[in-house]
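Basis for what follows: all heavy atoms, side chains included, without hydrogens, waters or symmetry-related copies.
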Amino acid sequence: MMHGESEAPLASPPLPAGAAPDLIPDGSAASRKAELAVLELAVALGCPGCISTQTDVLVKGGIPRAAFCEALQKSIDAAGPLAMMGAARAMDRFDELTA
């Protein structure tokens, strides 16, 4: 940082271990669409923790299986075969939570 520049604001404090934020507070279509987009990105990047956490949030919010699968398909379409492992991981987690 150069002299005279202000520091960037700090990010929000981290959540306690094991805590998942309730990111679909109202269950609105806009909230659900945003959360599905986060899942799509997590799958495309192949982040196991992100996939698991986002799947937990969506299942807790009552996401239908068809909408969940559609989001996984979008990730595979965007990221190709590399996203298939992430999609499989997400589907396994979805099935664990809804069984």
Side-chain angles (χ1 to χ4, degrees):
M1 177 166 52
M2 298 182 68
H3 180 68
E5 288 184 25
S6 63
E7 289 186 34
L10 298 175
S12 60
L15 294 170
D22 184 12
L23 298 178
I24 307 180
D26 58 2
S28 69
S31 294
R32 197 166 279 201
K33 185 175 179 179
E35 295 307 322
L36 285 169
V38 173
L39 175 69
E40 293 168 17
L41 181 60
V43 170
L45 295 174
C47 174
C50 302
I51 291 167
S52 180
T53 300
Q54 196 60 23
T55 300
D56 292 354
V57 168
L58 287 164
V59 169
K60 183 179 177 185
I63 194 76
R65 185 180 185 90
F68 190 83
C69 290
E70 184 178 327
L72 298 181
Q73 184 61 52
K74 287 180 183 178
S75 294
I76 294 169
D77 290 346
L82 295 175
M84 292 179 80
M85 290 303 295
R89 180 174 284 126
M91 205 68 241
D92 287 345
R93 182 69 181 152
F94 184 90
D95 289 340
E96 285 175 18
L97 296 171
T98 58

Remaining members of the apolar cluster that contains L41, side-chain heavy atoms under 4.5 Å: L45

Heavy-atom pair of closest approach, residues A83 and S75: CB-O, 3.6 Å

Nearest atoms (heavy-atom pairs only) where L36 meets A71: CD2-CB, 3.8 Å

Validation row: I51, R93 side chains within 4.5 angstrom (heavy atoms): no

Within 6.0 angstrom of M91 CE, more than 12 heavy atoms from elsewhere: yes

Heavy-atom closest pair, residues T55 and F94: CG2-N, 3.7 Å

L39 reachable from I76 in the ILVMFWY side-chain graph, under 4.5 Å edges: no

R89 to P48 - nearest heavy-atom pair and separation: NH1-CG, 3.7 Å

Show the atom names and distances, to 0.1 Å, of all donor-acceptor pairs under 3.5 Å that link a side chain in residues 63-70 to residues at least two apart or in another chain.
residue : atom : partner : partner atom : Å
R65     : NH1  : D95     : OD1          : 2.7
R65     : NH2  : D95     : OD1          : 3.4

Nearest heavy-atom neighbours spanning L72 and A90: CD2-CB, 3.7 Å

Nearest heavy atoms of L58 and E35, plus distance in Å: CD2-CB, 3.6 Å

